[in-house]
Amino acid sequence: MNLKNIQKCTSLLNHSLHIFSSTSNTMIRKLTSYSLPPNSTNSKFAISNSNLKQALLEMAFQGTEMKFEGYDLLLNECVSQKGLIEGQRVQAHMIKTQYLPPVYLRNRLIVFYTKCECLEDARMVFDEIPERNVVSWTAMISGYSRRGYASEALVLFVEMLKSGIEPNEFTFATVLTSCSGVSGLLHGRQIHSHIIKLSFDAHVYVGSSLLDLYAKTGWIHEARVVFDGLPERDVVSCTAIISGYAQLGFDEEALKLFCQLQEEGMISNYVTYASVLTAISGLAAYEHGRQVHSHVLRFQLPSYAVLQNSLIDMYSKCGNLTYSRRIFDNMSERTVITWNTMLVGYSKHGRGQDAVKVFELMREENKVLPDKVTFLALLSACSHGGMENRGLEFFDEMVRGKTGVEPDIGHYGTVVDLLGRAGQIEKAFKFVKDMPFEPTGAIWGSLLGACSVHQNVDIGQYVGSQLLIIEPENAGNYVVLSNLLASAGRWNEVRVVRDMMMEKAITKEPGKSWIELDKTIHTFHADDRSHPQKEEVAEKVREMSVKVREAGYVPNLSCVLYDVDEEQKGKMLLGHSEKLALAFALMCTPQKRPIRVMKNLRICVDCHNFAKFVSKIYEREIYLRDKSRYHHIVDGVCSCGNYW
DNA sequence: GGCTCCTTAC
């Protein structure tokens, strides 16, 4: 567009200021301020391959009279290209040529503005529609909901009902996404009955949205009922229910359903794979993970960052950091989650140096800014990797406002962990007392753990008493505290703590371990009597126990929290689920093959020690993943350095 | 013309 046209366009737009009153003054002022066309080579339309659209746009800029079809085409293009300036010009053109757009075009304008993240402008258009129809309302509700303005969306939905416009399947599918949290469930239920009343409950999109809402608020059973009741299923509804299970930690159910639906012919998309990979990561079901990856490669799905990120996470949680890093290195566009996932991977594997290197790479590239999670992962990597000073330096940078991320309670917690792990109990204790937040159960808990490892009974006793006030229901706290007191011979206090525990009838989350064999998950509970091969497993454990004792293993009886005699304690230790899983793995896998055992809680000291002996005697590499990190045990030595 | 599912940390 030449200079003459630019001038013409500008003066025409300036004219519009006083001519039209149908659009509010602020809007006109805003639009006229955009009246200078951008350099046409920079314009998104300049690279658009449609000559027609280009011609139309230039006509519009020059003030040529336009009709419905022209505006329609242009706005459509503006929406898909997210061309904010171009779209504003199109609206400016309507104003200046006194064109009064029908509802249809005004709805297009709402969509255009919401897609360009200009919600206020969208609302202005919405407010000025003389006869709003169901599409106008839905478009505006969708705009609010997409941008995270849930309550605005709900308010508008209620206004819509009051105004007498009846919602349809589009409206319901949209408005349900604005219901989340506890109050969301309440609204969701009300909307659900409305849906049934108006007979939209058989609609797939509505159903997907509805079941997703139930899943997100924790009502997975209701979600499943909605899913099973759908007359037809599509990828999205299937993904929603799989993801629902995975998000709530029902990993086995998620994976099972995925396999079942796949057999029934479901064609997955990248969201489905990302969702099921979350479950696979939780289970560390390596064989399933590899299979999903090969599916992704075979079907040549485009390299969506979301999918790549979940693959990185899957490999890291299945113990194969090399593959994680390979995918990471091959990515052309990394998001902050990509970097975080890689950092978390190194952190969980105790590879602090590598984590710091990745973080430095992130800073050098300077394409993506670190966020809260980045620093959480970085600090925890320093902590697990024994890099106390490096961690403190990073934290100091945060406190001095040099990182763009303000430290929150979570970051303070990792510093407590860092100091405690390094044996600086007093410093850690002072840090907790001086920090600008009220200490949480997690923070006292990590400090208590450190006191226990480094045998600081005095601070430990104080920390423990604080912890029992905040988290009286957490059995683990009682166990650690009573063991610490026992190790110092303070038997009376041990008795008090144990009595408190019994009195409050605290139930510990049942420990379980599992392994994957030929894509089947075998789960073991302590003293398992349910596994079909329980006899052989028990026999194998006895055999292992004899062999490791010969090699110098001594049972650590303090890991038993029940008040029974020593012989009984020894027997109970051998019933721990990770030992059963280990035994089963030795029985069922060929010699020399690495063993991968997963545990839902933190591994106990005795089992850790036991596994080290097993790795040496049976010549097996053992990958042991517990709740907080990875233990890679080779020839009797663990990557965690005996501290976790 | 306006719909649904999405990866990291606790």
Side-chain angles (χ1 to χ4, degrees), chain A residues 72 75-76 79 102-112 114-115 126 132-143 145-146 167-177 200 203-213 215-216 223 226-227 230 233-244 246-247 268-278 281 304-314 316-317 334-345 347-348 370-381 408-411 413-414 417 440-443 446 627-628:
Chain A
D72 187 29
L75 282 177
N76 202 6
V79 169
V103 200
Y104 180 97
L105 281 184
R106 292 181 196 256
N107 293 345
R108 270 252 148 102
L109 276 171
I110 295 175
V111 174
F112 159 72
T114 57
K115 292 258 159 82
F126 175 82
R132 288 186 280 257
N133 61 18
V134 60
V135 181
S136 327
W137 288 94
T138 308
M140 195 63 231
I141 292 169
S142 162
S145 147
R146 271 173 200 280
N168 61 16
E169 66 272 30
F170 286 84
T171 327
F172 283 123
T174 308
V175 75
L176 284 169
T177 61
F200 284 117
H203 194 275
V204 214
Y205 282 27
V206 177
S208 305
S209 203
L210 191 58
L211 80 87
D212 186 54
L213 164 73
K216 287 210 168 86
V226 173
F227 179 73
L230 284 176
R233 295 165 178 174
D234 63 358
V235 209
V236 178
S237 49
C238 292
T239 307
I241 187 73
I242 292 169
S243 147
Q247 293 301 323
S268 302
N269 64 15
Y270 80 100
V271 186
T272 324
Y273 288 127
S275 304
V276 75
L277 279 169
T278 308
S281 301
Y304 297 105
V306 171
L307 181 53
Q308 306 283 81
N309 294 345
S310 29
L311 283 169
I312 294 176
D313 188 49
M314 182 275 291
S316 117
K317 292 204 171 127
R334 301 189 187 108
T335 65
V336 68
I337 294 182
T338 315
W339 292 96
N340 293 350
T341 308
M342 201 62 236
L343 283 170
V344 169
S347 165
K348 295 240 178 202
D371 67 3
K372 281 180 181 303
V373 182
T374 315
F375 281 97
L376 221 50
L378 180 64
L379 290 173
S380 122
D408 65 17
I409 181 106
H411 300 106
T414 55
D417 194 56
T440 58
I443 288 181
S446 106
K627 199 178 184 182
S628 71

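Lettering of chains follows the sequences in order, A, B, ..., and the numbering in each one begins at 1. No hydrogens, no waters, no symmetry mates; every other heavy atom, side chains included, goes into these values.
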Describe the nucleic acid contact of [X] in one word from base, sugar-phosphate, nothing, applying a heavy-atom distance below 4.0 Å.
X        : value
A:Thr278 : sugar-phosphate
A:Tyr304 : nothing
A:Asp371 : nothing
A:Val175 : nothing
A:Thr138 : base
A:Arg146 : sugar-phosphate
A:Lys627 : nothing
A:Val336 : nothing
A:Lys216 : sugar-phosphate

Quickly work out the [X] [atom1] to [N] [atom2] distance and round it to whole Å.
X        : N      : atom1 : atom2 : value
A:Met342 : B:dA9  : CE    : P     : 13 Å
A:Leu343 : B:dC10 : CG    : C1'   : 16 Å
A:Ile443 : B:dA9  : CD1   : P     : 19 Å
A:His203 : B:dC5  : NE2   : C1'   : 15 Å
A:Phe172 : B:dC3  : CZ    : P     : 16 Å
A:Leu378 : B:dC10 : CG    : P     : 14 Å
A:Trp339 : B:dA9  : CH2   : C1'   : 18 Å
A:Asn309 : B:dT8  : CG    : P     : 9 Å

Indicate whether OP1 or OP2 belonging to [N] is found under 4.0 Å from a side-chain N or O atom of [X].
X        : N     : answer
A:Lys317 : B:dA9 : yes
A:Ser243 : B:dC6 : yes
A:Gln247 : B:dT7 : yes

Quiz prompt | Partner residues of A:Asp234 under the salt bridge (charged side-chain N to carboxylate O under 4.0 Å, His left out) criterion, sequence neighbours left out | solution =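 A:Asp234: no salt bridge (charged side-chain N to carboxylate O under 4.0 Å, His left out) contacts found.
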Quiz item: Can you list the residues that meet the salt bridge (charged side-chain N to carboxylate O under 4.0 Å, His left out) rule with A:Lys348, with sequence neighbours excluded?
Solution: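 Scan of A:Lys348 (salt bridge (charged side-chain N to carboxylate O under 4.0 Å, His left out), adjacent residues dropped) gives none.
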Quiz item: Is the closest side-chain heavy-atom distance between A:Lys372 and A:Asp408 below 4.5 Å?
Solution: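 A side-chain contact exists here, since the closest heavy-atom pair is under 4.5 Å.
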Which nucleotide in the list [options] gets nearest to the side chain of [X]?
X        : options              : value
A:Asn269 : B:dC5, B:dC6, B:dT8  : B:dC5
A:Tyr104 : B:dG1, B:dG2, B:dC5  : B:dG1
A:Asp212 : B:dG1, B:dC6, B:dA9  : B:dC6
A:Ser209 : B:dT4, B:dC3, B:dA9  : B:dT4
A:Val373 : B:dC3, B:dT8, B:dG1  : B:dT8
A:Thr177 : B:dT8, B:dG2, B:dC5  : B:dC5
A:Asn107 : B:dT4, B:dC10, B:dG1 : B:dG1
A:Asp234 : B:dT4, B:dT7, B:dT8  : B:dT4
A:Ile337 : B:dG2, B:dT8, B:dG1  : B:dT8
A:Lys348 : B:dT8, B:dG2, B:dC10 : B:dC10

Self-check item: Donor-acceptor pair, side chain of A:Ser237 and main chain of A:Arg233, under 3.5 angstrom
Solution: no
Quiz item: Do the side chain of A:Thr174 and the base of B:dC3 come within less than 3.5 angstrom through a donor-acceptor pair of N or O atoms?
Solution: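 By the distance-only test, no, there is no pair.
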Quiz prompt | A:Asp72 (side chain) and B:dG1 (base): donor-acceptor pair under 3.5 Å | solution =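 Result: no qualifying N/O pair found.
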Quiz prompt | Ring-base stacking, A:Phe170 with B:dC3 (5.5 Å, 30° cut-offs) | solution =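 It does: the two rings, one from A:Phe170 and one from B:dC3, meet the stacking criterion.
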Self-check item: Parallel, tilted or perpendicular, as decided by the 30° and 60° cut-offs, for the rings of A:Trp137 and A:Phe126
Solution: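 Correct class here is perpendicular.
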Quiz prompt | Flag for A:Asp313-A:Ser310: side-chain donor and acceptor within less than 3.5 Å | solution =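 No.
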Exercise. State, without any angle test, whether A:Ser142 and A:Ser145 hold a side-chain donor-acceptor pair at a distance under 3.5 Å.
Key: no
